[in-house]
Amino acid sequence: MSQAVKAAPPTTLVIFGAMGDLTRRLLMPALINMTRLGLVGDDFQVLGVGIEEGNDQTLRDALGSFDATGGEGDGEKGEAWTRLRERVGYLQGDFTQDVVYGQLKERLHGNVAFYLAVPARFFGDIVDKLGEHGLMTEARHAFRRIAIEKPFGHDLASARALNTRILGRVAETQVYRIDHFLGKETVQNIMTARFANMMIERVWNSDCIDHVQITAAEAVDVGTRGKFYDATGALRDMVPNHLFQLLAMVAMEPPASFDADAIRNEKGKVLKAVRVYSPGQARRNCVRGTYTAGKVQDRDIPDYTATADVASDSRTETYVALKLMVDTWRWAGVPFYLRTGKAMSRRDTEIVITFKPVPFASFHRTAAKMLPPNRLIIQIQPDEGLSMDINIKRPGLEVATAPIALDFRYADAFDIGHLTGYESLIYDLFAGDQTLFQRADAIEAGWAAVQPFLNLWADGGTPEPYAAGTLGPAAADALLAHDGHVWHELAPAGQTVP
Ligand code: BG6
């Protein structure tokens with residue numbers, strides 16, 4: 001989404017699960033921002049579908065809550081909501097039954113995007129019904145597309161089955177699998193930072209890079225999401241999707257162009273090159289943890305197993321750390337360490353590239369004691385930015401060195417704080433640009449790489465405990481210590497509120 005973008009083509013957005021949390025919390029705020037910024041025109045329509053009784057007014061009232069509009073009637077967002085609400089309609093119906101699709105067929109003409117903001121178990125059924133009722137048939141100059149939220153599958157077999165089922169009904173070009181991390185500016189910037197900068201891309205390989213760390217630490221606990229989370233766990237929830245998107249951006253080869261196909265080909269290739277471990281390798285290269293009671297920024301957090309809708313004998317992990325290898329020429333021998341967890345000391349999503357040390361020889365007879373390796377830190381959130389640790393000469397008569405950071409913060413230069421991240425995804429859905437969406441092969445490659453860990457854990461064992469408000473289990477430190485490394489310290493507290 002560039003600065004001078006024009007409004008997306010006239011589209012009706014049909015939201016399945018219109019009365020749900022995702023619609024209110026994320027989709028509507030994004031649509032309001034899009035209206036405000038002129039990214040959709042006055043010909044844009046929203047049609048919500050839900051099982052709940054009601055009419056257009058009911059949905060408009062439900063959406064007009066504070067978090068959707070920033071306060072109805074209040075400022076620019078309020079004005080945008082006032083304009084948009086007249087174009088929000090509601091169709092009450094059960095999306096597992098045929099009736100509602102017949103009604104949709106009568107109502108819908110022209111460009112339509114169907115957004116599946118529903119629990120994952122309904123994805124296949126809805127796509128089948130849309131297909132059976134001819135709702136996905138594209139006429140000349142009128143598109144039909146589907147946006148599918150995560151989780152896409154529960155493991156490799158179910159992801160494959162879902163892809164087969166969906167692609168039996170519609171073409172890949174009609175499917176927009178959402179990973180909301182790809183809507184983040186800082187994630188999109190990884191490619192620009194690499195491919196628009198000679199001094200970065202030229203050293204971006206195993207000759208110069210020692211190892212890569214990808215962290216998505218969350219301060220939030222599982223809270224009210226126990227039912228979903230206990231059946232899912234940290235690995236499924238974060239790794240084959242969000243963390244692998246970051247890994248793909250870091251590890252992909254330069255695409256021949258910035259076209260969706262070119263980019264998705266390269267991302268697909270590198271995800272397929274993530275080593276699929278044998279059971280023994282999987283055991284040696286993973287750590288899982290579950291938080292116990294503790295304090296996160298003055299909030300008392302109970303044991304994970306005391307969370308509502310979580311089994312008291314649950315073995316679900318709320319933390320995972322992995323060491324992965326990417327079997328390409330560029331990355332031969334470079335470990336990628338990934339970690340993510342809930343109820344950690346602070347919120348911090350970052351990628352840390354640690355370069356190899358310089359030969360110390362020339363500094364031997366100087367006052368320099370050690371030269372820490374260069375590091376590039378891509379701060380995804382919060383406090384978005386990019387910084388580089390380098391060594392300089394400490395001022396003075398002798399040759400002594402000092403490590404310093406070259407630091408760029410987005411907030412100092414740009415205004416990126418007012419969007420949800422869904423704006424660019426929804427805009428691209430309407431504009432027909434699949435760059436920021438996951439293709440079937442990449443999703444399956446992601447699941448293939450995590451399947452050995454799922455198999456291992458299904459066989460037994462229990463996660464390591466870590467107290468809420470800490471950095472995760474001690475075994476995760478040992479995973480890196482084994483290779484002579486330590487985890488990068490999380491961003492300083494202060495910008496930590498989740
Ligand atoms: C979601 C996961 O996909 O991503 C959540 O289901 C997680 O468990 C969230 O908290 C993290 O996203 P963000 O944008 O807050 O980093």
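Atoms within each ligand, like the ligands themselves, are counted from 1 in listed order.
Checking only distances, Arg225 does come within under 3.5 Å of ligand 1, N or O to N or O.
In summary, the atoms of ligand 1 found under 4.0 Å from a heavy atom of Lys342, numbered by their order in the structure, are 5 (C), 7 (C), 8 (O), 10 (O). Atoms of ligand 1 lying under 4.0 Å from any heavy atom of Glu218, numbered from 1 in the order shown and given with element: 7 (C), 10 (O), 11 (C). Of all atoms in ligand 1, listed by their number and element, those nearer than 4.0 Å to a heavy atom of Lys150 are 1 (C), 2 (C), 3 (O), 6 (O).
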Test salt bridge (charged side-chain N to carboxylate O under 4.0 Å, His left out) applied to Glu172 and Arg177, step by step
CA-CA 10 Å; Glu172 178 67 47; Arg177 298 176 193 79; 2.7 Å; yes
Could you please spell out the steps behind the salt bridge (charged side-chain N to carboxylate O under 4.0 Å, His left out) verdict for Asp210 and Arg375?
CA-CA 10 Å; Asp210 186 78; Arg375 276 191 312 203; over 6 Å; no
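Heavy-atom distances between Phe181 and ligand 1 reach below 4.0 Å in at least one pair.
A salt bridge does not link Arg339 with Asp477: every distance from a Lys NZ or Arg NE/NH1/NH2 to an Asp or Glu carboxylate oxygen is 4.0 Å or more. The pair Arg439-Asp441 meets the salt-bridge criterion, with a side-chain N (NZ, NE, NH1 or NH2) lying under 4.0 Å from an Asp/Glu carboxylate O.
At the top of the distance list for atom 16 (O) of ligand 1, counting protein heavy atoms only, stands Gln381 NE2, 2.6 Å. Among all protein heavy atoms, the one lying closest to atom 12 (O) of ligand 1 is His180 NE2, 3.0 Å. Nearest protein heavy-atom contact of atom 1 (C) of ligand 1 is His242 NE2, 3.6 Å. For atom 6 (O) of ligand 1, the closest non-hydrogen atom on the protein side is Asp237 OD1, 2.6 Å. Closest protein heavy atom to atom 14 (O) of ligand 1: Lys184 NZ, 2.5 Å. Considering only non-hydrogen protein atoms, atom 15 (O) of ligand 1 sits nearest to Arg347 NH2, 3.8 Å.
Geometric assessment of Arg225 against the ring of Tyr229 yields a negative cation-pi assignment under the 6.0 Å and 45° thresholds.
Ring orientation note: the planes of His180 and His242 are nearly perpendicular, at an angle over 60° on the 30°/60° scale. Ring geometry, Phe44 versus Phe430: the interplanar angle falls from 30° to 60°, so the pair is classed tilted.
Residue pairs meeting the salt bridge (charged side-chain N to carboxylate O under 4.0 Å, His left out) criterion with at least one member in residues 226-253, sequence neighbours excluded, are Lys150-Asp237, Glu253-Arg330.
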